[in-house]
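Written out below as structure tokens is the structure these notes cover.
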Amino acid sequence: MRMILVGPPGAGKGTQAARLVGRFAIPHISTGDMLRAAVKAGTEMGKQADTFMSAGQLVPDEVVIGMVVDRIAEPDAVDGFMLDGFPRTQPQAAALDVALNAAKVALDVVLLIEVPDDLIVGRITGRRMDPETGDIYHVEFKPPPADVAARVVQRKDDTETACRKRLSKYHSETAPIVPYYRERGLLRSVDGNAAPDVVTARIEAVLAG
Ligand code: AMP
């Protein structure tokens, strides 16, 4: 299964991806996670990416494309993968096609998780992460347990200002790739405005249909 997850920031892509990869036994390839790991490791690429990420901007295509093309060529991704947060621009979508064509493989499905803009800001600004486990919480919808609450952190790009920038980038850069996949018959969409279990069930239904 070669699958792409698309949706605005805070749509629940990471949560749903973590559930789906278990079911399909494919690696979860999140460009956001890879970039955050590079920032943490202090690599040259991480330093370059950090400025863009903190401001809610997209990291330049040439950086992200090279990273993903290398990653999907690794042995664990040869038979399938779940791309989360990539492609996010038309040049990224085109570059992915080139890489997949060269490898003589094709995408199976592009899953769009839709959530209205007015719900996104609350979802994102309340989001907290446990730096030890990577587990994601929400101050209102899923508060961290008492022993974890003191150490949770907010991502630098989960502030309201950065969130609004990310949302506007989603509409200007990422949403235009949706018709590209729809025309090829690859697109399936689900309403992401529900509890995570409900959204998982909706995804399973569209994937089975
Ligand atoms: P995410 O965890 O998917 O929300 O990504 C966090 C941030 O990483 C984004 O706001 C961008 O700054 C950067 N990023 C992640 N994936 C990409 C991508 N495919 N293209 C450009 N920037 C990306």
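All ligand and atom numbering here is 1-based and tracks the order in the structure.
Shortest contact from atom 12 (O) of ligand 1 to any protein heavy atom: Q57 O, 2.6 Å. At the shortest separation from atom 20 (N) of ligand 1 among protein heavy atoms lies Q92 NE2, 2.9 Å. For atom 13 (C) of ligand 1, the closest heavy atom belonging to the protein is L35 CD1, 3.6 Å. Remark: minimum distance from atom 16 (N) of ligand 1 to any protein heavy atom is reached at T31 OG1, 2.7 Å.
Only side-chain heavy atoms of R155 come within less than 4.0 Å of ligand 1; its backbone N, CA, C and O stay farther off. The proximity of V59 to ligand 1, defined as any non-hydrogen pair under 4.0 Å, involves the side chain as well as the backbone. Residue contacts with ligand 1 for K13 are absent, since no atom lies close enough (heavy atoms, distance under 4.0 Å). Contacts between M53 and ligand 1, counted as non-hydrogen atom pairs separated by less than 4.0 Å, involve both the backbone and the side chain. Residue-level proximity to ligand 1 for D157 is carried by the side chain, the only part with a heavy atom below 4.0 angstrom.
Considering backbone and side-chain N/O of S30, none are found under 3.5 Å from N/O of ligand 1. For F52, no nitrogen or oxygen atom sits less than 3.5 Å from a nitrogen or oxygen atom of ligand 1, counting backbone and side chain alike. Every N/O-N/O distance between D33 and ligand 1 stays at or above 3.5 Å. At a 3.5 angstrom cut-off on N or O pairs, D84 does not count as close to ligand 1.
Judged by the 6.0 Å distance and 45° axis criteria, R182 is not positioned over the aromatic ring of Y180.
Between R184 and D97, at least one side-chain N (NZ, or NE/NH1/NH2) sits under 4.0 Å from a carboxylate O, which counts as a salt bridge.
Side-chain N/O atoms of H171 and D117 include a donor and acceptor closer than 3.5 Å. Judged purely by distance below 3.5 Å, without hydrogens or angles, the side chains of Q16 and T200 pair a donor atom with an acceptor atom.
Every atom of ligand 1 is numbered from 1 in the order shown, and the set under 4.0 Å from a heavy atom of R36 is 2 (O), 6 (C). The contact set between ligand 1 and V64, taken as ligand atoms under 4.0 Å from a residue heavy atom, comprises 18 (C), 19 (N), 20 (N), 21 (C).
Across every non-hydrogen atom of R127 and H138, the tightest pair is N-CD2, 3.9 Å.
A donor-acceptor pair is defined here as one N or O able to donate and one able to accept, closer than 3.5 Å; no such pair exists between the side chain of K13 and the backbone of I113. Put simply, the side chain of T31 gets close to the backbone of G85: a donor and an acceptor are under 3.5 Å apart. A distance-only check finds a donor-acceptor pair linking the side chain of R2 to the backbone of V78 [under 3.5 Å]. Checked by atom type and distance alone, the side chain of R202 pairs as donor or acceptor with a backbone atom of D191 at under 3.5 Å. Formation of a donor-acceptor pair under 3.5 Å by the K142 side chain with backbone atoms of I136 is found in this model.
Considering each of K169, R88, R166, the one bringing a non-hydrogen atom nearest atom 5 (O) of ligand 1 is R88.
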